[in-house]
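Down below is the structure, laid out as structure tokens.
Lettering of chains follows the sequences in order, A, B, ..., and the numbering in each one begins at 1. Computed from a predicted model, the values in this text were never measured in an experiment.
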Amino acid sequence: MSGSYLQDLTPAQSAAVSHVDGPLLVLAGPGSGKTRVVTRRIAHLLQQGIFGDEIVALTFTNKAADEMRQRLETQGASQGVWLSTFHRFCAHVLREHASWVGLEPNFTIYDTENSHKTLRRVIDESDVPCRQTSPEQLARAISQAKNDLITYQEYADQAHGVLGKIVSEIYPSYQQRLLACNAVDFDDLLLLVAGILRDHSELRESLDERYRYILVDEYQDTNRAQYCIVRALSVKHPNLAVTGDPDQSIYGWRGASLDNILDFEKDFPNAHVVRLEMNYRSTKRILHVADSLIANNKRRLEKSLYTDNKDGARVDLTLYPNQTDEADSIAARIAADIASGARRPRDFAVFFRVNALSRTLEKAFSDQAIPYQIIRGVEFYQRAEIKDVLAHLQLLNNPRDNVALLRVINRPPRGIGKTTIQKLSEHANQHGISLFEAARRCGTIASISKRLAVKVAKFVALIDLIAESAEAPIEEIIGNVLSHSAYRDLLVESDAKEDEERLANIEELLTAARQFDEQNPGSGHLEEYLEQVALVNDTDDWEDETDRVTLMTMHAAKGLEFPVVFIVAVEHGILPHERSRNDPDQLEEERRLMFVGITRAMEELALCYVHHRDYRGIRRRAVPSAFLMELPRDKMRLTNQMEYQQIDPADESSWRPAASKSARSSGLSTLPTGTVMTAADLLRRHTEISLEAANTEPAMPEHLVDKDVSEETHTKDSGKQPCSNDDSLNHATDPNAFVIGMIVSHPEHGLGKVIALSGSTTRRIATIQFFQGRKQRTFHLATSPLTSVSSPS
DNA sequence: ATTCGCAAAGTTTTT
DNA sequence: CTTTGCGAAT
């Protein structure tokens, strides 16, 4: 009995959708319609008579959960299905059984900033010698331990080394401090629930029974804690369906364990495995490039990628002299495509490995008046003013939340300073009470002067006053915070424009609160609201709304798609990142990251790298990424924009590669993946591969050939003969004989070079970078007075 | 108790 | 080149 939802599916998709009982592994390549399959399968389960409340679907992001919910609703089949993120699911379980781990049900969920603050305090107050180790390092170590399900009681047993010793001291103190605040951090949500499920078999059994069908999205990103939770719920009813793609695992550094998905078939020997290999997103050429790259990874499950889409344009690989040219050229190409009407701004995305690389791009986009948006890690709920307001609410909900109290006790300034807080803190520690409780008793604390005691008492009275409305709608509570604390007045009266922005953010918070109130009518939703803001981030609503070019890291790009994608700085030390170079597994993760970036592209993909890059204040010679050597370069469009650069003789010496001829002759063939490579090694390797390629492929552009060998011709050519050495490619596609990089003349603007071309026949448009005044203009070739100064040889 | 200045460090960030 | 954190100064 197959419903309509089985009809327009491929056999593989259909197999996944109609699977009901027993473990299921869906290996879903990029753009393979995974979400569609998952939601249809849920619809199918419901149609089989399974109740919605027996099904739980777990995702990593709210965005994914929302999307799934939306799709289910359009199929009219979300009834009772528990659809949420791992963390939210765990928060709910934990609220019901908080006392088992020494918490009260109104515990606060600390975000990263708050947990770091707590950790800081622990470190400061401990006498553990940790000058060598940074708080961040300790935080990472603790987080990692939690992800691996190592509790503070167990940590010391397996600790080793100096860091291990320090963590053994700090981790328990940190945990006790959280407990004292009746708070948990993100990792605790998972760790504590995993622990509860392990230690309380009756609860485990009842949840196993209750959630008979479990679905996990992005299974390749699960960590050990998540793995244990999911397994614990799938003992009696092992109807565990996981979807994921080992090739898209890019969060190993956050504790994700690739083994979970790689070993799924071992964990569940009778698992049904479905491979979704048909790609509906990208052109054949883009997919081929992606496939060639990822084939170099060892830790993966065999999977081929197919598409019925057209071949599409060749994938671009372009070398620029420096990042300014890189950025300008990208911006110019985008501007030209927009000007010609071929594309809209929202069709484009530019990806980079590190946020620091966005600056040059931003400048280029703003210079050319191209609308763009940057997706950054900083979120709305991370802003100081928002957190200030919310901290009041947190304190109402959980008076033991010391971090919240410390945040608001002197904001706006009330003259309660460090020394007073120190005294309160001492008193609290001595009597085993919270800071707020100590503040309440400040009149009886001998060390606190009358004067200050009055100030503190005023603060306590303020919180008590706001607390009277704790059961009210959220908007009202926040309103009371703003008016009673004079926080709003402070911002209104200030004439700094930052404060204007802060005020606007607070208005936005109020609007969001009103929306929450509408969705949760009635009173007493404070705890729910706080959980929502703790576990929801708002980077989720970037897209669609606006017609802009998107700039973001490749991590942020996961799950998205764009018609045209640029990836900049495909260079050694950036992609792969230098911090990953010593670890084979990390190197593979970097490759996966690039794979993710490439597979976001639907129609056009351009990879870029430069000759020199200014990074962290210094200019250094950029080495092409080793990943570039793994691409099918013979099937790509290689462009070398170096030749058209006016060469600064002073600069030229630095063009020589670090590897000398003698070094090269030392005979280094291919390095096995994952060996430790120095920069020099890599350069040598690059050189050799390039030479090898050059020998077998006469059309290989010069920029992939060792500069030592080609330097003579290179220098001679440059400036004088600015024609492509790979012009066969350009000729074929260009009836007008204009090619990128060509030098042209304009009666008004003088000489310039072609940096972008788009459109065809009469609508063909060229973007010219003029040498005078660094001007950039676009022209319709059919009507412009442009003449070519140099023609391709 | 804020503010200024210098030193140091510098991936990625679903919750 | 940035940002960020900490210490000293007003």
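Between A:E589 and A:R299 there is no salt bridge, since none of the side-chain N atoms of the basic residue sits less than 4.0 Å from a carboxylate O of the acidic one. Of the charged side-chain nitrogens involved, at least one lies within less than 4.0 Å of a carboxylate oxygen, so that A:E67 and A:R71 count as a salt-bridged pair. A salt bridge links A:E527 to A:R95: at least one charged side-chain nitrogen sits closer than 4.0 Å to a carboxylate oxygen. Using a 4.0 Å cut-off between charged side-chain N and carboxylate O, A:D221 and A:R254 make no salt bridge. Between A:R581 and A:E590 no salt bridge is recorded (no basic side-chain N to carboxylate O distance below 4.0 Å).
Here A:R359 reaches the OP1 or OP2 of C:dT3: one of its side-chain N or O atoms lies under 4.0 Å away. Between A:N62 and B:dT15, a side-chain N or O to OP1/OP2 separation shorter than 4.0 Å is present.
Between the P atom of B:dT15 and the CD atom of A:Q532 lies a distance of 12 Å, rounded to the nearest Å. Atoms CZ (A:R254) and P (B:dT13) sit 10 Å apart, rounded to a whole Å. As rounded to whole Å, 13 Å separates atom C1' of B:dT15 from atom NE2 of A:H116. Straight-line distance from the CG atom of A:N147 to the P atom of B:dT14: 15 Å, rounded to whole Å. Taking atom CD on A:Q323 and atom C1' on C:dC1, their separation rounds to 11 Å, with Å as the unit. A:M552 places its CE atom 12 Å from the P atom of B:dT14, with the value rounded to the nearest Å. The interatomic distance linking A:D614 (CG) with C:dT2 (C1') rounds to 14 Å, in whole Å. Rounded to whole angstrom, the span from the CG atom of A:L535 across to the P atom of B:dT15 amounts to 8 Å.
Nearest-nucleotide mapping onto DNA chain B: of A:K558 and A:R414, the residue sitting toward the 5' end is A:R414.
Contacts of A:I416 with the nucleic acid, taken as non-hydrogen atoms under 4.0 Å apart, involve only primed sugar atoms and P, OP1 or OP2. Counting any heavy atom pair closer than 4.0 Å across all strands shown, A:D221 reaches a base atom.
A distance of about 15 Å separates the P atoms of B:dT12 and C:dG5, rounded to the whole Å.
A:R619 contributes no side-chain N or O that, together with a main-chain N or O of A:Y615, makes up a donor-acceptor pair within less than 3.5 Å. With hydrogens and angles ignored, the 3.5 Å screen pairs a side-chain donor or acceptor of A:R592 with a backbone N or O of A:S249.
There is no side-chain donor-acceptor pair under 3.5 Å between A:N223 and A:S257. For the residue pair A:H525 / A:E528, a side-chain donor-acceptor distance below 3.5 Å is found, with atom types taken as modelled.
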Item to check | Per-nucleotide protein contact string for nucleotides 6-12 of chain B, where B marks a base within reach and S marks sugar-phosphate only (heavy atoms under 4.0 Å, - for neither) | outcome: ----BBB
Item to check | Annotated protein contacts, base or backbone, on nucleotides 5-10 of chain C with a non-hydrogen cut-off under 4.0 Å, one of B, S, - each | outcome: -S----
